[in-house]
Novice: 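The following block contains the structure, expressed as structure tokens.
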Amino acid sequence: MTTITQVGKTIPLSHPEITDEDISSVVSVLRTSRLSLGPKLLEFEEKFASYAGARFAVAVNSGTSGLHLAVKSLGIGEHDAVITSPFSFIASANCILYENALPVFVDIEPKTFNIDPQKIEEFLRERCTRESGTGLPVDPATGRRIRAILPVHVFGHPCDMGKIMAMAKEFGLAVIEDSCEALGAEYKGRKAGTMGAAGVFAFYPNKQMTTGEGGIIVTDDEEIAALCGSLRNQGRAINSGWLDHERLGYNYRLSDINCALGISQLGRIDSILRKRAEVAAHYNRILGDLVATPRTLTGSKRSWFVYVVCLPAGTGRTRRDGVLAGLSGRGIGCNNYFPPIHLQTFYRNRFGYREGDFPVTEDVAARTIALPFHNNLGEDDIAYVAESLRDIVHRLS
Ligand SMILES: Cc1ncc(COP(=O)(O)O)c(C=O)c1O
């Protein structure tokens with residue numbers, strides 16, 4: 001039986017699953033002369049688009065680059081603002097700033113931890129005026145036009161896309177889904193990432209599947225796909241020469257080496273997602289009475305990215321940090337997922353955000369902890385983590 005006195009044990013927060021087949025796929029590319037912009041890129045894009053249920057997929061070197069290109073390809077710029085969540089990884093707001101547009105944070109819903117559609121509606125109806133001519137909402141606080149909503153499917157839980165899409169339609173806004181944590185998640189039978197104008201996935205090694213580093217944009221819009229394809233490749237058009245550049249572009253390419261790993265991992269994605277769901281179910285069984293986990297919307301299917309628990313109401317940051325320290329002291333990888341974006345130093349300094357600006361986000365962020373989580377986390381390790389958490393929480397209460 002596992003006991004909490006195990007000495008010298010370390011359990012990482014995440015761990016990629018790399019099989020012999022993954023390694024052979026990567027090595028086989030290394031034996032060719034096409035390490036970049038070769039056949040594996042096209043194969044990965046085609047297979048990913050087909051899995052996601054989108055017409056096009058454009059692979060890039062990170063989720064962040066994908067989000068940046070999605071924002072840019074919609075023509076969002078310096079007079080504009082985009083509604084998004086402060087409870088996310090910082091890239092989902094930074095990608096808006098890259099184009100000199102402004103993120104407008106809207107607080108989250110306390111049970112799902114996703115952006116609250118009712119608060120989006122209140123902001124659009126009660127705070128915004130309408131721009132003459134376009135009819136687009138304008139935020140009187142900044143004078144910026146609201147051009148898009150960028151919902152984040154946090155921890156692999158689909159946002160309330162029905163309400164978000166309805167509002168976007170009414171107010172003439174584009175939707176960019178940050179699906180970086182939500183590969184395989186579904187909202188009412190539709191895959192996350194395929195409901196807006198564009199969706200973006202990420203493949204850092206802690207994600208459901210990995211390419212080492214990498215990301216991908218999915219879209220049904222041919223123009224967005226072509227523009228993103230050009231922008232990620234130094235502004236070259238698809239069929240133009242190596243030294244012909246039609247627009248200001250970037251080097252956001254994903255090499256064929258990375259794509260080979262992606263193809264191999266995508267080939268067993270159903271089994272990966274199943275294993276992760278089983279690990280989460282095991283955690284739920286033994287921790288359900290102690291801590292809460294975010295709720296999944298009825299009719300939606302969550303894809304397990306991380307296993308995040310929420311300590312009881314009133315816990316506060318100091319006690320949460322005590323729990324983190326206790327877990328770390330027992331060799332258990334853990335983290336405070338997520339610190340609110342608006343309270344990050346850069347956002348405080350640049351925009352003057354203060355504690356209290358987004359109370360639901362701040363309350364949830366002060367109580368959430370990511371526990372070790374990966375495809376092959378064994379039952380003994382799960383039991384060790386759970387017993388340790390139980391023991392530390394009781395000691396600190
Ligand atoms: C919600 C969210 N958005 C964007 C990203 C950025 O992805 P990447 O690290 O591949 O740039 C991540 C990555 O962790 C994420 O969790």
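When a residue number appears, it is its place in the shown sequence, counting from 1. Worth saying up front: this structure is predicted, and the values here are computed from it rather than measured. As the structure lists them, so they are numbered: ligands from 1, and atoms in each ligand from 1.
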Novice: Taking N or O atoms only and a 3.5 Å limit, does S88 qualify as a polar contact for ligand 1?
Specialist: no
Novice: For ligand 1, is there an N or O atom under 3.5 Å from any N or O atom of G63?
Specialist: yes
Novice: Could you check which of K207, E181, H68 puts a non-hydrogen atom nearest to atom 14 (O) of ligand 1?
Specialist: K207
Novice: On the 0 to 90° scale, with breaks at 30° and 60°, tag the F358-H342 ring pair as parallel, tilted or perpendicular.
Specialist: perpendicular
Novice: Does D178, backbone or side chain, put an N or O under 3.5 Å from an N or O of ligand 1?
Specialist: yes
Novice: For ligand 1, which atoms sit closer than 4.0 Å to a heavy atom of S62?
Specialist: 10 (O), 11 (O)
Novice: In terms of residue, atom name and distance, what is the protein heavy atom nearest to atom 5 (C) of ligand 1?
Specialist: F89 CD2, 3.6 Å
Novice: If only atom types and distance count, is the side chain of N375 paired as donor or acceptor with the main-chain N or O of E17 below 3.5 Å?
Specialist: no
Novice: Can you list the ligand 1 atoms lying under 4.0 Å from a non-hydrogen atom of A202?
Specialist: 7 (O), 10 (O)
Novice: Check if L67 has a non-hydrogen atom at a distance under 4.0 Å from any atom of ligand 1.
Specialist: yes
Novice: Spell out, as yes or no, whether a donor-acceptor pair under 3.5 Å connects the side chain of S328 to the backbone of L324.
Specialist: yes
Novice: Is the closest side-chain donor-acceptor distance between Y252 and H68 under 3.5 Å?
Specialist: yes
Novice: Identify whether the distance between the nearest side-chain nitrogen and carboxylate oxygen of R147 and E99 falls below 4.0 Å.
Specialist: no
Novice: So does A365 get a backbone contact from the side chain of R320, meaning a donor-acceptor N/O pair under 3.5 Å?
Specialist: yes
Novice: What atoms of ligand 1 come within less than 4.0 Å of a heavy atom belonging to V152?
Specialist: 1 (C)
Novice: List ligand 1 atoms under 4.0 Å from T64, heavy atoms only on the residue side.
Specialist: 6 (C), 7 (O), 8 (P), 11 (O)
Novice: I'd like to know if R232 and E45 make a salt bridge, using a cut-off of under 4.0 Å between side-chain N and carboxylate O.
Specialist: yes
